Structure formats: structure tokens, C-alpha cells
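Structure first, then comments.
Whatever order the structure lists them in is the order used to number ligands and atoms, beginning at 1. Note that the structure is a prediction, hence the values are computed from the model and not measured.
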Amino acid sequence: MEQKKSFYVTTPIYYVTAKPHLGSLYTTLLADVIARWNKLSGNDVFFLTGTDEHGQKIAQAAAAVHKDPKDFVDSFIPDYKHAWQMYDIQYDKFIRTTDEYHVKGAQKFTTVLMDKGYVYKSIYEGWYCTSCETFVEEIKPGDQRVEGPQCSSCGRDTHIVSEETYFFKLSAFTDKLLTFYKENPDFIVPKERAHEVINFVESGLKDLSISRTTVKWGIPFPNDPHHVLYVWVDALSNYITGVGYGQPNKVDEFHKRWPANVHLLGKDIVRFHAIFWPAFLMAADLPLPKQLLVHGWIKVDKQKMSKSLGNVVDPIELQKKYGTDPIRYYLLRQISINQDGDFSIADVENRIESDLANDLGNLLNRMLVLAEKYELFDVAPCITWSPASLELRDEGWNAIGDFSQHMNDFMFHHALSSLWKFISNTNAYFHGQEPWKVAKTDINLFKEIISATCHSLRTIALLLWPVMPQKMEELLHSLGVEFKLEDHTLENLELNSWNKHFMLKKSPTLFEKPLREVEEVTMSQANVTAHVEEKNYITIDDVVKVELLTGTIEVCTDVAGSDKLVQMTVDLGEHGKRIILAGIKKSYAPSELVGKRGLFIANLKPRKMAGTESQGMMLVAEDANGKVQLVQFPDSVANGVRLR
Ligand code: MSP
């Protein structure tokens, strides 16, 4: 049997001064999606995450609450493990830098650097940023400054450090590193990040202090316990100690796993991973990791999330409100990995409602409801398919190719948006074929439409499994497919020749529409019901507050840049004319709406959508086929009449 290819992926190890926040979740989630995608691709995956528990930053945080540092870090570990469990993060190992095997491994690694002649003892005088655990600037002879420069990474004040230290001869690696970057242009992804690193190295590297005597909370320096190991040497070596480095009984494991295929990291810690870490490994004669995948920051109100700014988003609260997979999807779909992204509840709710509940969940639901109505449960594949079905099958194959390409390039948001095109093709196929009519006239064609839709949904679910594992397993279950990794690798999917049998099952709604914290453009029947059930009854006083008027759409056009909105000029009789925007473009071309009559909320506070102000809201209801229908009333009722 062919040996599976080893694939080793890591996250940074997190400083444990608090519970995990959305930023830590984001990095860990990316690693989980990469790990699962590689499992789906048939690789033998190892996924390492953990916590960075030594150093001045942790020691100070523990002292501030009068705790022993070890007790302090211990108290947060269950929060990390719980959060990762809540988000279905399937790591293989959780490393803590206070673990005995890591301490020994990091000491061995340092000893090797010394044995190879790359370490010497001297005096270091310079500025230090405790928050980033980094040396900021050396003090030049004659420098009289009392105040240090601000840290270029976090902007905080630095303080002076003057002590005996062991130096690592980083300066010896300037040329070697530059040659390495040149020969491995894909080492740093995305490429823009590589330029910063190369510029920095080109400006010349200074030797690096790798021990501290004024900090006690750390790994004792080999043969000189008066010093502790600089926390970044300690931390970076987790990537090798986590797969057996320094453990005599794990030599094979280490050789099997190292070098790592991908280190995940945020843009703030590129220098440590792209310069220091490769230099240490070169010095120790160990192979270098194959790729560094650098992501941007998740911001809230345009600022990086941080405890001190008080804008931290708690992933557990989000999970409780919106569920595991919807948040996994949102983070991967909304945020471009190569840029900073703004977190917003409105976006979370829009994504869940529009992409998950409407586009994907409704497609499954409509197909299941219709099949059940005609008692079709055992869905056989067709011998010959109609041209429309064959076209859908080809689109499915293209979708697999496009999605895979983007996933392999780590461009998750592109992967998902390309897959959503296929979901929309499948929706268009289902609508266009009008199976609810065909069922009455041509039962064989009806079965074909259901089978083609099931084949497409199967493709969609398998591709989406790394992003939404639970929900996609549920989706497959409702098609009668039990998800087993060994049966459902990408290779099998690519060979998929639309020859599957499906056994349809009655299933609960796949994605619930969120109870909105943020107001919506259109409100479906289901949503109105949900609101009433959840929020208890309203009184007549509440009802009369809403000014509901009849009107006629006089003009209707597209809204540039939006694939959902149309802009209407509505005649509200004696109340005048209004510009109203509605998210109904999927159901109507603008020209179809001209002359149609509808019901409008006239006293809704005007708000901007896609750059245009909407001065009201049209009421609509979604039918069983997912088409939005306008509210009807007799022609004898004039425009501008208030409903009561
Ligand atoms: N302990 C070091 C890493 C050592 S790895 C050998 C560290 N820890 S950290 O907890 O401060 O950050 C860990 C990771 O979380 C970093 O990659 C960082 O970029 C990421 N994030 C922290 N806040 C973030 C956001 N607001 N958004 C996205 N990721 C961010 O650095």
C-alpha cells in the first residue's frame, strides 16, 4: 500500500496571560482547516498547538495577581483546551513550554548551538519590550538617553536592560538567509511579507542575546543556571520538541515529522519566524520549515484586539450564540488571510443568513421537502443525463478544481467564494428545472433532478468539510452518506462520476437564521415567527408605531457593487415618493419589478446600504421554493393607504 505523505502544521504557542480571544482562535482555526484539508487530500497529518509559558511578560502578569507563575499559567490551560474543543479544533498535541520534555529539548537545542560554535558570552546593554519579549535597540557608546524608544511592533515604552548574556552569532547568517530566501521564493506566504524580511536582513543582522540573568522565570541555560534561556529561543524550539526532538525514544517520530510543512503565524511575529528560527536551525544543521503562512490581524473598530484596549471578543460567547460551524465559516470567508479584517456582528449575521441559511440550507431543505412530498427516498443515479444535468456536473468538477487550487494556496476566502458560485449554479439548476411542476408530468425527470441535486450537494459538503465539519457531516447524513475520511478523500471526489445512490432522510434545518442583533433588509416568514416566539408578545401600542403603507414601484435599477440589492422609486400616494432598497435581486430582475405593488414600512429610520440611503423597507415573504414574493392586495386599494 502506498505510504501516506506526512504533513506537519503548527500554530504559534500562545502567551497565557488570559483566556483565548478571537485572534488566537483565528490562527488556530486556520491551522485546523489546513490540517483537515490535508486529511481530505489523503495525507498523514500532525497538528501541533500549545502555550508559551515562560518569560518576563508572564512573570509580571502572575506577580500582578500575587500568583506563582506556574499556578498562574496552569489556571488558563483548561480555557484554551475548552475553547479549541468548542470549535472542533482537532490538534494532535498540545505542548506547554513548562513540560519537562520541552525543557530538556530546548536545552539540548541550545547546547547544539553552543557546540557548533555559534554562542559566546558578553555584556548586553539595550532597550527591551516586555510585551513583545524583544530587544528593541542596542545602546551606542555615549548614548545619554534615560527614556527608551517605543517598541516598533506594539508601540509600548521600552526599558533598559544591562546584563551579562550569551549571544547567538546571528550576524554570521546574513548571507545564508538571503540566499535561502532567494532559492525558496515561496517560503513566506503571502509574498508581500517576504519583502519586509529581506529588507531587514539586507540592512545587516546583529548578534542576538539569547539569555537573561535578571529574569528568573524561564528554562535554565545549559551549564549556567544563573541565566535563563531567552523566551523566544525557548518558544520557537517547541516546533521540534513537540515532535520528539531531544527525546531518545522519539528519534523516528522526529525524522518522520520534521521539517514542518507550514508554520501559521500573525504578521507581528514574522521576524522571529523568518529570521531567528531559520538561523538557529541552520546553525544546528537541521532542515528548515517549508513554509510560513502569515495572516493579518482581526480588528475591532479598526484596532487590534487586546486586553488593554478592552475590545476583546470572547469566542465562547460567539459560539454559544451562533454555533461552531457558522463562526468557523464566517472567519474563513469574511477575512482575507493576507490582510487585516474587521470583525462585526452584522457581517456574522449576514453571512449566516444569506450564505448558510438561504443559499445552502434552503437548497437542501427544498430538495428534501419536495422529494418527500413525492415519496422519493431511495434516489438512484441516472444512466443518461439531460444536457442541463450534465452542465451542472461539469460545473461541479470545475468547482472541485478551483476550490482545491485556492485551498492549496491558502486563499480560503477565494476558495469559499468560488464554491458559492457552484452553490448558486445548483440553486439556479433546481429553480430552472421546476421539479415541483415536473413531478406531476414526468416522474423520471423529477428523479433525475433530485439525483443531480444530491450529487452536487455531496460535492459541496465534502469540499466544505474542513471548514464546517459537523454541519457537513449532518448534510451528508441527510443524503444517506455516512462521512468516513478514508472513503471520502479528495481523490475519490475527483473520480466522482455521478454514480451514487442516495437514501434521503428527514432532517432538522441545517442552519438556523440568527435572531438579528442587526436589522435586516428583507424578512422571511420563518424569521418573523422566530422573532415573535423568542421575544414574547408585543402590544397594540407597538403595532401602531409601524407605518405600513401600500405603494407601487415606479422605477427599479441595480445597485452597483451589490449582488443582492435593487433600488426602487416607490409611489406612496399622498405620502410622496421614496427611494427604497431591498435585497431581492436573486428573485427578480429590476425590470420585472417595475409596476408591481407592495407593502412598505414608511417610518423606518433611513439608513445607508451599499452607499445609498434607503428611506423605508419593503415587506416580502419567501415561498417554499425560496423565491421572494411581494405582499399582494386588491387593485381597489390606492397607493399610500395605511394598513390597520
Ligand atoms: N508566544 C508568542 C508566539 C511564540 S511562537 C513560537 C506570541 N504569542 S501571542 O499570544 O501574543 O500571539 C500568538 C498569535 O496570535 C500570533 O500569531 C498573533 O499574531 C496572533 N494574534 C493575537 N492577536 C491577534 C488578532 N487580534 N488577530 C489575529 N491574530 C492575532 O506571540
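- Contact annotation: for Lys299 versus ligand 1, there are no heavy atoms closer than 4.0 Å.
- Taking only non-hydrogen atoms, the option from Tyr14, Tyr239, Phe272 nearest to atom 5 (S) of ligand 1 is Tyr239.
- Of the protein's heavy atoms, Tyr15 CD1, 3.7 Å lies nearest to atom 9 (S) of ligand 1.
- Within the listing of ligand 1, atoms 1 (N), 2 (C), 4 (C) sit less than 4.0 angstrom from a heavy atom of Asp52.
- Ring centers of Trp277 and Phe173: at least 6.0 Å apart, outside the cut-off.
- For ligand 1, the atoms lying closer than 4.0 Å to a non-hydrogen atom of His295 are 28 (C), 29 (N).
- Every N/O-N/O distance between Leu236 and ligand 1 stays at or above 3.5 Å.
- Of the protein's heavy atoms, His21 CE1, 3.8 Å lies nearest to atom 22 (C) of ligand 1.
- The aromatic ring centres of Phe280 and Phe168 sit less than 6.0 Å apart.
- The residue from Thr11, Val300, Thr27 that puts a heavy atom closest to atom 20 (C) of ligand 1 is Thr27.
- A distance below 6.0 Å separates the ring centres of Phe187 and Phe180.
- With respect to atom 2 (C) of ligand 1, the closest heavy atom belonging to the protein is Ile13 O, 3.5 Å.
- Note that Arg271 lies in the cation-pi zone of Phe200, set by a 6.0 Å cut-off to the ring centre and a 45° limit from the axis.
- Note on Asp340 versus Lys299: salt bridge recorded, some NZ/NE/NH1/NH2 to OD/OE distance being below 4.0 Å.
- For ligand 1, the atoms lying closer than 4.0 Å to a non-hydrogen atom of Gly296 are 28 (C).
- Looking only at distances, no side-chain donor or acceptor of His227 sits under 3.5 Å from a matching main-chain atom of Thr214.
- Taking all atoms of both residues into account, the shortest heavy-atom contact from Leu48 to Tyr239 is CD2-CA, 4.2 Å.
- Taking any N or O of Gly266, backbone or side chain, at least one lies under 3.5 Å from an N or O belonging to ligand 1.
- Within the 3.5 Å criterion, the main-chain N or O of Met407 finds no donor-acceptor partner in the side chain of Trp37.
- Of the protein's heavy atoms, Gly23 CA, 3.6 Å lies nearest to atom 25 (C) of ligand 1.
- Near Asp268, meaning under 4.0 Å from any of its heavy atoms, are these atoms of ligand 1: 18 (C), 19 (O).
- Between Asp402 and His414, the side chains place no donor N or O within less than 3.5 Å of an acceptor N or O (distance only, hydrogens not considered).
- At under 3.5 Å, a nitrogen or oxygen of Ile298, whether backbone or side chain, sits near a nitrogen or oxygen of ligand 1.
- Within the listing of ligand 1, atoms 6 (C) sit less than 4.0 angstrom from a heavy atom of Ala235.
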Could you go step by step and tell me if Thr213 and Glu164 meet the side-chain hydrogen bond (donor to acceptor under 3.5 Å, both in side chains) rule? CA-CA 7 Å; Thr213 51; Glu164 181 189 83; over 6 Å; no
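- Side-chain atoms of Thr324 come within 3.5 Å of backbone atoms of Met86 as a donor-acceptor pair (strictly under, hydrogens ignored).
- The option with the heavy atom closest to atom 31 (O) of ligand 1, from among Ile269, Val294, Val313, Val231, is Ile269.
- Shown in contact with Pro12 at under 4.0 Å from a heavy atom are these atoms of ligand 1, numbered in order with element: 5 (S), 14 (C), 17 (O).
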